[in-house]
Amino acid sequence: MKDERLEALIEHDVAELRAAFPQIAEVRSSLESWNEGEARRYSVGLDIRWAGHQTLVSGPARSGMHEAVRAAFDAARERLRAGCAHVGAG
């Protein structure tokens, strides 16, 4: 099932990430889902690439798809700021 709101959220977060880190050339995302007992869980993985570099981010599990997207992009921003500060350098 196609979720246009989810796609729009991902596109928006990718645009924000690229604005903060202009050297980013490509961002790929994947949504994983599984059951934990009676609860449905979601996690988003991000593959962020720029010249000669790659950062893989696995977002924490959340109970909703949209929350999983937010959590993954928050984790990506933290990782890029902390460990890859040169990505945003001009």
Side-chain angles (χ1 to χ4, degrees):
M1 179 171 71
K2 189 172 182 176
D3 185 335
E4 291 179 9
R5 283 184 44 223
L6 184 66
E7 288 180 15
L9 177 61
I10 292 169
E11 288 174 13
H12 178 267
D13 283 348
V14 167
E16 283 188 346
L17 200 62
R18 284 186 164 159
F21 301 96
Q23 281 71 8
I24 291 175
E26 183 177 7
V27 179
R28 294 181 183 184
S29 63
S30 62
L31 176 67
E32 301 291 329
S33 63
W34 66 94
N35 291 319
E36 282 184 8
E38 297 293 317
R40 192 82 175 146
R41 304 292 284 172
Y42 301 89
S43 179
V44 171
L46 299 172
D47 178 353
I48 304 166
R49 298 173 187 228
W50 64 97
H53 299 291
Q54 178 182 27
T55 297
L56 300 174
V57 177
S58 181
R62 296 288 188 250
S63 59
M65 290 184 288
H66 295 87
E67 293 84 7
V69 169
R70 288 287 185 210
F73 278 92
D74 287 346
R77 279 186 285 277
E78 285 181 32
R79 170 124 14 121
L80 291 173
R81 283 187 193 119
C84 304
H86 63 280
V87 174

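The structure presented is a predicted model; accordingly, all values stated were derived computationally and were not measured.
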Quick one: are [X] and [Y] in side-chain contact, heavy atoms under 4.5 Å?
X	Y	result
V27	I10	no
I48	Q54	no
V14	F73	yes
S43	P60	no
R49	I24	no
L80	W50	yes

Check whether any side-chain N or O of [X] sits under 3.5 Å from a backbone N or O of [Y] as a donor-acceptor pair, and report yes or no.
X	Y	result
S29	L46	no
R41	A61	yes
D3	R5	yes
R18	Q23	no

* To do: Quick one: do R28 and E26 satisfy salt bridge (Lys or Arg N to Asp or Glu O under 4.0 Å)? Show the steps, please.
  => CA-CA 7 Å; R28 294 181 183 184; E26 183 177 7; 2.6 Å; yes
* Between R40 and S33: side-chain donor-acceptor atoms closer than 3.5 Å ->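 Result is yes, a qualifying pair exists.
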* Exercise: do E32 and W34 side chains pair donor with acceptor under 3.5 Å ->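 Side-chain D/A pair, E32 to W34: absent.
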Gap separating the [atom1] atom of [X] from the [atom2] atom of [Y], nearest 0.5 angstrom:
X	Y	atom1	atom2	result
H12	E7	NE2	CD	15.5 Å
H66	Y42	NE2	OH	10.5 Å
D13	R70	CG	CZ	4.5 Å

* Might you point out which heavy atoms bring V57 and A75 nearest each other, and give the distance in Å? =>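 Taking V57 first and A75 second, the nearest heavy atoms are CG1-CB, 3.9 Å.
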* Report the C-alpha distance between L6 and L31 in whole Å, list the side-chain angles of each, state the deciding distance to 0.1 Å, and finish with yes or no for side chain to side chain contact (heavy atoms under 4.5 Å, CB included). => CA-CA 10 Å; L6 184 66; L31 176 67; 4.1 Å; yes
